[in-house]
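These numbers come from the heavy atoms of this one structure, side chains and all, not from hydrogens, waters or symmetry mates. Since the model is a prediction, treat every value here as computed from it, not as a measurement. Atoms within each ligand, like the ligands themselves, are counted from 1 in listed order.
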Amino acid sequence: MRSLRKTVLLAIIASVVLVLALLHSWPTRAYTTVDVGQRPGQMMEKHLEERLSEPDHRLSNISFHVRDSVTSLLARNGCACEGDSGGLNLPFAQLLFPRVSAHPLHTAFEASELEEIKRRRAKEYQGFQTRSQTPADILIIAEANNPLQYPTQGVEVRPLKTIIVPGLALHQDLRREHYSINVTTTLGTLNVAAEVDGVKIKGDGEMHMTLSSSLLPNLNRQLQFVTYTNTLFHPSTADMVQLETEGHQAMFSIKIRHGVTPKLYNTGPKGEYNVSALVTIATKTFLRYDKLQDLINSVRRYYPTITIVIADDSENPKTITGPYIEHYIMPFGKVGGRFSASCLRYGRLSGFTTLSLSLSLSLSLSLSLSLSLSLALAPFLSQGWFAGRNLAVSQVTTKYVLWVDDDFIFTANTKLEKMVDVLERTTLDLVGGAVREATGYTATYRQTISIEPGEDDGDCLHMRRGFHHVIQGFPNCVVTDGVINFFMARTDKVQQVGFDPRLARVAHLEFFIDGLGSLHVGSCDDVIINHATKIRLPWVSQSESDKTYAKFRYPLASSDATHTKNGLLYFKNRFQCLTHN
Ligand SMILES: *[C@@H]1O[C@H](CO)[C@@H](O)[C@H](O)[C@H]1NC(C)=O
Ligand SMILES: *[C@@H]1O[C@H](CO)[C@@H](O)[C@H](O)[C@H]1NC(C)=O
Ligand SMILES: *[C@@H]1O[C@H](CO)[C@@H](O)[C@H](O)[C@H]1NC(C)=O
């Protein structure tokens, strides 16, 4: 009996403790609601636009003369899809005398589906803009003779943290009886870190604070203590702060964002670069095990301990073993259904036909002509497939990754230290080298890429051979936008941009188009790798694996191929037109 009473008592005590604990841990914080779907600051923007568009009547009837040479440089609304007109119309004119040609990209879609595609693209584009723009992108103009002093840029706060707003002051020459300043925010609250005598503070701890005083120095002293606390958690945006005194307004932004988490690599002790510790070689193979073995052997002559990552989608993969080799096997012919015939062609010829054409040309035309011909096309003949590139690059753990094709050969001129040096001592993210053909011709395949804004139809993509400028301190290196398929890059940057796996078979420059704006690209012509020749002599019979390779790799020209590539440029990148030379 007694023990039962004891148990009941214990049970009651236990449940009381439990209830108390529950009550204690019950969330008491009131949660705010933030509209993260909407871009804050739209009201402000409208307000600013109104003020900007107020015409200054005093200036309206001062006459001026238009300078055509300069006005033509100003961005036009709506880019035009135009190439060079006229010129020779010989079979190889495009290769011998490169002209700019223009390709409208909407032709990748049937006329019947085009309207629907356009509508869908516009919707996705709108979402992209909402995500990528912040109120800090708004145009702000500082008025003349404004007595308000404030920071124009560089104020930043971590989400939900507090800062002192630097640089606030009021400068008035005229003596007044009363000075007052209003400060207004939208994503956080205002307060003061200290109170100054003779200053009246209203609205501290709120989004609208008024500071007023009859003594200007005291008011200015008080302004040095104004704090901002971010209260709405919405990182990577900005709060637009409005500052007001009698007759004058000003606006500035406070960026709200997390710090960027660094990703650092331990590069080892000081001194010479240890390439094995800094670089991983990545490649993609398909059937050509003899070529791959030649590549591995050549690498080992110069870099015996560098890691080589191989992505392989052969049907019957062979084992590749050896120290510092990682072999990843992918599903056979991973190319994805209808895209299987894709082939990046900026020329009019598919890889296979070009191959035989360059051969016949080298027999009939002068030697130098045939050399430049086979070279101009080399980048299209020797691409890795993008899914394989992604797989290989995803496994890299060193600071840099070196991309090579499986039919490249390292020589004494393949000095990876030079590439490491450029990447270590500049802000470049990626540096390309040169590829030497068996014929002796060396190519860097430098391309500049630019985007001209268009309206609803999309932007224009312009690609031209060449580069922007030589890099100071590296006379053999230039800055450009796209390079050959032999390059070293910061691993994290390549992983960020990624290789679009929808581009199968032959694709290369698409990576640089996707990376434009985030990849800083260079090219050096003194780091040279050799290319096992591609020119097949008709009297030499092809090996069985070479035949299978050619069948998969160089499918005959199909309209499907161009459609896939153009479709991606049209929808994914929102281009309406591609011009190139
Ligand atoms: C334009 O100039 C004339 C003569 O100088 C002046 O009378 C007129 O007020 C001006 N108009 C405006 C809108 O300033
Ligand atoms: C400051 O804001 C208050 C309302 O909170 C308003 O009455 C006052 O006119 C404003 N002062 C200035 C200088 O804009
Ligand atoms: C270079 O790095 C590799 C791999 O991290 C390491 O095994 C080797 O000892 C290093 N060599 C030197 C000279 O530090």
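Within the 4.5 Å cutoff, the side chain of Ile254 has no heavy atoms near those of the Glu156 side chain.
Residues His468 and Asp481 have side chains that bring a donor and an acceptor to within less than 3.5 angstrom of each other. Checking Thr186 against Asp239 by side-chain atom types alone, a donor-acceptor pair falls below 3.5 Å.
Within 6.0 Å of NZ in Lys255 there are 12 or fewer heavy atoms belonging to other residues, nucleotides or ligands.
Listed by number with element, the atoms of ligand 2 under 4.0 angstrom from any heavy atom of Thr245 are 13 (C). Shown in contact with Glu246 at under 4.0 Å from a heavy atom are these atoms of ligand 2, numbered in order with element: 13 (C).
Of the protein's non-hydrogen atoms, Asn182 ND2, 2.8 Å is the one closest to atom 11 (N) of ligand 2. Of the protein's non-hydrogen atoms, Ala277 CB, 3.7 Å is the one closest to atom 5 (O) of ligand 3. Atom 4 (C) of ligand 2 has His208 NE2, 3.7 Å as its closest protein atom, hydrogens excluded (heavy atom only).
Of the listed options Thr305, Asn274, Thr398, Asn274 places a heavy atom closest to atom 2 (O) of ligand 3.
Heavy atoms of Ile181 found under 4.0 angstrom from ligand 2: none, in either backbone or side chain.
Between Ser276 and ligand 3, a contact under 3.5 Å exists for no N or O pair.
Between the Asn230 side chain and the Leu187 main chain, a donor and an acceptor come within less than 3.5 Å of each other.
If you look at Phe499 and Phe511, their ring centroids are closer than 6.0 Å.
For atom 9 (O) of ligand 2, the nearest protein heavy atom lies 4.0 Å away or farther.
To the nearest 0.5 Å, atom NZ of residue Lys263 and atom CG of residue Asp492 are 5.0 Å apart.
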